[in-house]
Amino acid sequence: MTKTINLTLKIWRQSGPGSKGRLETYIANTISTDMSFLEMLDVVNEQLTLDGKEPIAFDYDCREGICGQCGCVVNGRPHGPENGTTLCQLHMRHFSDGDTIFVEPFRARAFKIVKDLVIDRSPLDKIIQAGGYISASTGGCQDANAILIPQDTAEKAMDAAACIGCGACVAACPNASAMLFVSAKVSHLVLLPQGRPEAAQRVVSMLKTMDELCFGNCSNERECEAECPKEISIINIARMNREYIKAGIASTVQ
Amino acid sequence: MQWIFDFFGSSVGKKLMMALTGLCFIGFLTGHLIGNLTLYGGRDAFNAYAEHLHALGPVITLVEWGLLTLAAIHVFTGMLLFLQNLKARPVRYAINKSGGGRTISSALMPYTGFAILLFLIYHLLQFHFVDKTFTTIYDIVSLAFANVLNISFYIIAMVVVALHIRHGFWSLFQTLGANHPKYMPMVMGGSLVFSLIFGIGFGFLPVYISFSG
Ligand code: FES
């Protein structure tokens, strides 16, 4: 027998980017504890549709914790109370019968609310477009051992590359800063030989774009690494700071 | 030249200014505390220390102006960061909950910073910008700390300073990019040790003076 729980939900409803939103109360009864958080919202939405009401808009794609499309602030915590978990992978067994759950969108000046819990994450894409890539022309495939990369370095780069760009770091940061995201993108490239040639220009451009998009300034509160579903460390932020100092005072990048 | 403004004007650049000026203040506080230890030597020791300091003449003036400049940078940049960060999230969350990263000390940084600024003005008016023609600095200090209210005020101020350093110390290393798995635990420990040394070191002086004087 699956266990079921009854919940009271306080969910942020907002009809569009410019309009005023508010928290509305919904009752979700007989929710199976085997459901994911998003499946629970699906159940609520089915009922809303049957009642002829507007279903709650929320974002998702893969529902397996790899795409970075889902994410809301659940009871004050991005992606909910479990560490290292995306919202789609959060299961209702982590809640108890009779709980009241607050669900809000990721909030930042840089993230416009599209509708209800759906936000526009494109500012993160703009940061990537500013330099989060390498522009080496591809040629013939070279020998796999031509460029040696120590295992340890490859691991560090992979840890940074685990970032799915969900924006939870921005949502968690008391200053709505995107430093963990940007530093993860800077780090996974700069750690590898292929990323080094453009390192200086990359870090300067990406940070400049981050500032222009009105994200906040990092004050080392460490909420980002605590909430990151991929548990990316702020050691990446220190690495980016280093790269920025190097680029600023020792490179010719303006 | 423009690159210098661009470099320090970015979000990381502003943090670098906070870190570098903060580091200077930790250096200054260390010197200040060591100097103040002469208070334990009594009236003559402390007055002699003050005299030696003033005998340095232009060097002292230079240091004072230097510290004032650093303070102006630290305060101005800090306020700018604070305001920008407020603006970065115009609609606040209904429920705020920490994931475990924040500490009291980190959350209060702008407020402890502002409190320290107010304290500093009071402190300078009380001990620096006073007429010392007919008295000595030791007498001014011991007279000030005969007052219980003043003693409590100073102790509270030192708790605030300790809180500010608790986050500021490790944070400046992180900002300067000095986060290394081998050394970060030491920096974190150092953060606690420094805040305790400054908090207790300065905070105990008024108590000692009031009892000895
Ligand atoms: S829906 Fe893809 S990570 Fe949650």
Side-chain angles (χ1 to χ4, degrees), chain A residues 10 12 21 23 73-78 81 83 102 104-105 107-110 113 168 170-177 179 203-204 207-208 210-211 214-228 233-249 253-254, chain B residues 1-4 6-16 18-20 77-78 80-103 105-110 113 167-181 183-184 187 191:
Chain A
K10 304 258 183 199
W12 185 261
L23 284 168
V73 173
V74 177
N75 287 338
R77 298 194 53 190
N83 287 343
F102 284 80
E104 298 174 78
R107 292 196 191 281
R109 181 160 170 224
I113 293 180
V170 180
C173 176
N175 311 324
S177 171
M179 286 284 275
V203 69
V204 170
L207 273 172
K208 189 162 174 253
M210 180 188 99
D211 291 349
C214 297
F215 287 100
N217 306 283
C218 175
S219 60
N220 302 324
E221 297 263 23
R222 290 179 294 176
E223 284 293 315
C224 54
E225 71 171 356
E227 298 292 15
C228 175
S233 161
I234 58 161
I235 205 158
N236 292 298
I237 297 183
R239 181 179 296 108
M240 178 168 71
N241 292 343
R242 263 190 329 263
E243 289 299 324
Y244 181 77
I245 297 169
K246 261 193 279 177
I249 58 183
V253 172
Q254 292 278 331
Chain B
M1 276 300 279
Q2 182 57 34
W3 70 268
I4 297 180
D6 291 344
F7 179 68
F8 284 109
S10 76
S11 54
V12 178
K14 278 178 280 194
K15 288 295 299 171
L16 281 173
M18 293 306 276
L20 292 171
T77 314
L80 197 66
L81 287 167
F82 176 67
L83 292 176
Q84 284 180 339
N85 290 346
L86 265 188
K87 259 178 54 188
R89 178 168 293 130
V91 184
R92 319 301 288 184
Y93 290 111
I95 306 279
N96 275 299
K97 196 149 184 266
S98 167
R102 252 186 152 178
T103 60
S105 151
S106 76
L108 291 179
M109 261 339 236
H167 179 69
F169 186 85
W170 86 265
S171 189
L172 83 87
F173 281 85
Q174 166 79 5
T175 301
L176 292 172
N179 183 337
H180 188 283
Y183 304 110
M184 213 46 187
V187 171
S191 214

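- Of the atoms belonging to B:Pro181, heavy atoms from both backbone and side chain fall under 4.5 Å from chain A.
- Neither the backbone nor the side chain of B:Leu86 comes within contact range of chain A; no heavy atom of the residue lies under 4.5 Å from a heavy atom of that chain.
- Ranking A:Ile237, A:Val253, A:Ile235 against chain B, the residue ahead of the rest is A:Ile235, based on heavy-atom pairs under 4.5 Å.
- Listed for the A:Glu223 side chain is a donor-acceptor partner under 3.5 Å among the backbone atoms of B:Gly101.
- In terms of non-hydrogen atom pairs under 4.5 Å with chain A, the most contact-rich of B:Pro90, B:Ser105, B:Pro110 is B:Pro90.
- Note on B:His167, B:Met18, B:Gln2, B:Lys14: by heavy-atom pairs under 4.5 Å with chain A, the leading option is B:His167.
- Interface remark: of the candidates A:Pro78, A:Cys173, A:Ala247, A:Gly21, A:Cys173 forms the most heavy-atom pairs closer than 4.5 Å to chain B.
- Heavy atoms only, all atoms of each residue included: A:Asn217 and B:Asn85 are closest at N-OD1, 2.7 Å.
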Would you check, one step at a time, whether the test side-chain contact (heavy atoms from CB on, under 4.5 Å) holds for A:Ile249 with B:Trp3? CA-CA 9 Å; A:Ile249 58 183; B:Trp3 70 268; 4.2 Å; yes
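- The heavy-atom pair separating B:Ala88 from A:Ala176 by the smallest distance is O-CB, 3.5 Å.
- Neither the backbone nor the side chain of A:Pro81 comes within contact range of chain B; no heavy atom of the residue lies under 4.5 Å from a heavy atom of that chain.
- Between A:Tyr244 and B:Asp6, the shortest heavy-atom distance links the atoms OH-O, 3.6 Å.
- Taking chain B as the reference chain and counting heavy-atom pairs below 4.5 Å, the highest number among A:Met179, A:Arg222, A:Met210 is found for A:Arg222.
- With respect to chain B, the highest number of heavy-atom pairs below 4.5 Å among A:Ala172, A:Cys218, A:Cys214 belongs to A:Cys218.
- Evaluation of the side chain to side chain contact (heavy atoms under 4.5 Å, CB included) rule for B:Lys97 yields A:Arg77 as partners, not counting sequence neighbours.
- Of the listed residues (B:Thr103, B:Leu16, B:Asn96, B:Val91), the one with the most heavy-atom contacts under 4.5 Å to chain A is B:Val91.
- Closest of all the heavy-atom pairs between B:Ser171 and A:Ser219 is OG-O, 4.3 Å.
- Among A:Arg109, A:Arg107, A:Arg242, the residue making the largest number of heavy-atom pairs under 4.5 Å with chain B is A:Arg107.
- Here A:Glu221 pairs with B:Arg102 in a salt bridge; the nearest charged N to carboxylate O distance falls below 4.0 Å.
- Atoms CD1 and CG, on A:Ile234 and B:Asn179 in that order, are 6.0 Å from each other to the nearest 0.5 Å.
- Of all heavy-atom pairs between A:Ala226 and B:Gly100, the closest is CB-N, 4.4 Å.
- Taking B:Phe173 as the reference, B:Phe169, B:Ala178, B:Val187 meet the side chain to side chain contact (heavy atoms under 4.5 Å, CB included) condition, with sequence neighbours excluded.
- A:Leu207 approaches B:Ser11 most closely through the heavy-atom pair CD2-OG, 4.3 Å.
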Would A:Lys208 and B:Ser10 count as a side-chain contact (heavy atoms from CB on, under 4.5 Å) if you check the C-alpha gap in whole Å, the side-chain angles of each, and the deciding distance to 0.1 Å? CA-CA 7 Å; A:Lys208 189 162 174 253; B:Ser10 76; over 6 Å; no
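- Residue contact with chain B, scored on non-hydrogen atoms closer than 4.5 Å, is absent for A:Ile113.
- Using modelled atom types, no side-chain atom of B:Gln174 and backbone atom of A:Asn220 make a donor-acceptor pair closer than 3.5 Å.
- Ranked by heavy-atom pairs shorter than 4.5 Å toward chain B, the options A:Val204, A:Val73, A:Val170 are led by A:Val73.
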